[in-house]
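In each ligand, atom 1 is the first atom listed, and ligand 1 is the first ligand listed.
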Amino acid sequence: MFQSIQPAPPDPILGLTEAFVADPSPDKINLGVGIYKDAEGKTPVLQCVKRAEQRILETEATKAYKPIAGDPAYGKAVQALLFGADHPVVASGRAVTCHTPSGTGALRVVGDYLKQNHDGVTLHLPGPTWANHPSVFKSAGVPTTTYTYANADVTGLDFDGMIEALAQVPAGDVVLLHGCCHNPTGIDPTAEQWQKIAETLAGRGVTPMLDFAYQGFADSLTDDAVGLHALAEKCPELIVCTSFSKNMALYNERVGSVTFVGETAEAAQAVLSHVKLAIRTNYSNPPAHGGAIAITVLGDDALRSLWEQELAGMRDRINGIRQTFADTMAAKGSPVDFAFLTAHRGMFSMSGLNKDQVMQLREKYAIYMVGSGRVNVAGMTEANMDRLTDAIVSVL
Ligand code: LMR
């Protein structure tokens with residue numbers, strides 16, 4: 001059976017981490033995978049998480065299975081974070097939430113649910129989008145297509161093109177939007193643009209789906225939910241996938257969620273019954289530890305406020321280092337003006353570097369970024385800025 005199997009190509013993002021780890025260079029720089037790094041280039045466990053874990057260690061009484069949809073307290077905490085505990089969508093029971101193995105697991109659950117219950121539906125993805133999006137849905141058997149999102153040089157939004165494309169999406173299809181910190185471009189719609197997006201999708205039988213993996217990484221937990229709120233207000237149905245990988249730095253705990261909002265509470269419950277089938281035949285029920293951390297942090301005033309401070313610290317460093325990079329490149333006489341990077345949010349931007357330049361940076365300078373030219377700006381520090389900018393100027 002295995003003799004005829006040919007090796008598959010490495011994953012464009014996680015495969016890069018393997019190459020980076022294997023690189024012996026002492027001053028290598030990783031701008032590849034989307035992991036936050038502090039000013040020392042480290043990805044520490046948040047203090048709020050450490051304290052929550054201490055409590056869990058002392059009070060955890062069993063390792064018995066969680067329900068298929070996860071701990072009800074987790075779903076409640078996620079809904080409160082997304083919508084606010086008293087939001088009409090929550091109060092009316094129109095939202096059902098499952099704890100999933102992070103955001104990728106949530107996307108796959110949606111893919112399985114769509115394939116099993118709405119076969120033939122097409123998922124519309126922004127151009128460009130996260131490299132794993134098309135693959136996740138292909139694995140689930142859900143066809144995907146692309147709608148216009150970024151402008152030609154991927155520095156800003158082609159808003160007119162986007163609205164025109166969204167207005168053409170056939171009824172019954174699903175449109176995926178990045179809730180904030182668009183991956184890979186860092187380009188987000190404004191609050192006014194979100195209103196227009198929601199109006200364009202509403203009333204046409206198109207279901208919006210938010211990939212909301214970076215809440216709190218752009219401007220604030222509430223500001224970043226402006227798109228979610230616009231869609232929840234105008235559209236009768238909504239799907240939201242979230243992750244605590246980034247905003248609680250719980251990357252390897254695999255903790256995320258999927259929320260389905262129905263037009264009625266009854267519809268939402270019916271959807272939930274099918275989503276539970278999709279989960280049961282995949283991973284059965286979610287891993288407990290990350291969910292317990294999120295419940296503990298979100299449910300305790302002191303831990304919650306510590307979390308918000310730590311999250312603000314990560315966000316401020318990223319936004320600051322974007323400016324430092326653009327200024328340093330300008331000071332070094334870069335032929336390209338990188339000021340466009342300062343308007344972007346979250347970890348990612350498309351640098352505009354081509355495949356050849358990306359390879360030169362990797363081979364000559366041990367600087368790693370995704371082949372598409374996507375950079376994780378959180379990998380930049382004051383300490384590596386000089387070496388990084390010199391190298392980029394040299395390949396431009
Ligand atoms: C990324 O885009 O780098 C992150 O979302 C991590 C991943 O799983 O690809």
Side-chain angles (χ1 to χ4, degrees), residues 8-21 28-38 41-43 100-111 125-140 144 146 149-150 154 176-188 209-218 224 240-258 283 287 290 311 314-315 318 321-322 341 344-351 353 358 361-362 367-380:
D11 181 79
I13 298 174
L14 297 185
L16 199 63
T17 306
E18 290 166 25
F20 177 80
V21 169
K28 58 189 176 180
I29 299 174
N30 191 358
L31 307 183
V33 66
I35 286 188
Y36 174 79
K37 305 220 185 69
D38 65 13
K42 302 226 159 62
T43 308
T100 56
S102 208
T104 309
L107 294 167
R108 180 58 191 256
V109 168
V110 174
L125 298 168
T129 195
W130 181 44
N132 207 23
H133 274 150
S135 319
V136 167
F137 290 96
K138 186 172 175 220
S139 295
T144 58
T146 301
Y149 188 76
V154 204
L176 185 145
L177 299 135
H178 296 228
C180 67
C181 305
H182 182 273
N183 179 3
T185 69
I187 301 164
D188 291 336
M209 167 175 175
L210 270 200
D211 187 346
F212 199 22
Y214 294 86
Q215 187 178 7
F217 257 73
D224 295 357
V240 190
C241 297
T242 77
S243 168
F244 287 112
S245 289
K246 326 285 173 165
N247 59 15
M248 275 193 200
L250 288 174
Y251 304 91
N252 68 15
E253 296 296 351
R254 311 311 294 144
V255 52
S257 73
V258 60
Y283 54 88
L311 178 56
M314 294 193 277
R315 173 172 71 230
I318 291 176
I321 207 78
R322 286 180 173 279
L341 255 112
H344 296 168
R345 284 293 175 272
M347 294 197 207
F348 307 115
S349 282
M350 293 296 282
S351 62
L353 295 169
V358 168
L361 286 170
R362 190 179 313 176
I367 294 170
Y368 288 73
M369 56 184 72
V370 181
S372 62
R374 186 193 82 168
V375 287
N376 171 14
V377 296
M380 301 178 185

Please tabulate, line by line, the atom pairs linking an N/O of ligand 1 to a protein N/O at a distance below 3.5 Å, with the distance in Å to 0.1, or answer 'none'.
from	atom 1	to	atom 2	distance (Å)
ligand 1	2 (O)	Trp130	NE1	3.0
ligand 1	2 (O)	Asn183	ND2	3.0
ligand 1	2 (O)	Arg374	NH1	2.8
ligand 1	3 (O)	Gly34	N	2.6
ligand 1	3 (O)	Arg374	NH2	2.8
ligand 1	5 (O)	Lys246	NZ	3.3
ligand 1	9 (O)	Trp130	NE1	3.2

Backbone N/O of [Y] and side chain of [X]: donor-acceptor pair under 3.5 Å:
X: Asp224; Y: Ala218; answer: yes
X: Asp188; Y: His182; answer: yes
X: Ser243; Y: Ser102; answer: no

**Q.** From CD1 (Ile318) to NE2 (His344), nearest 0.5 Å
**A.** 14.5 Å
(Q) Working to the nearest 0.5 angstrom, can you tell me the gap between His133 NE2 and Asp211 CG? (A)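 It comes to 4.0 Å.
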(Q) Do Lys28 and Tyr368 form a cation-pi contact, if we require the NZ or CZ to be under 6.0 Å from the six-membered ring centre and within 45 degrees of the ring's axis? (A) no
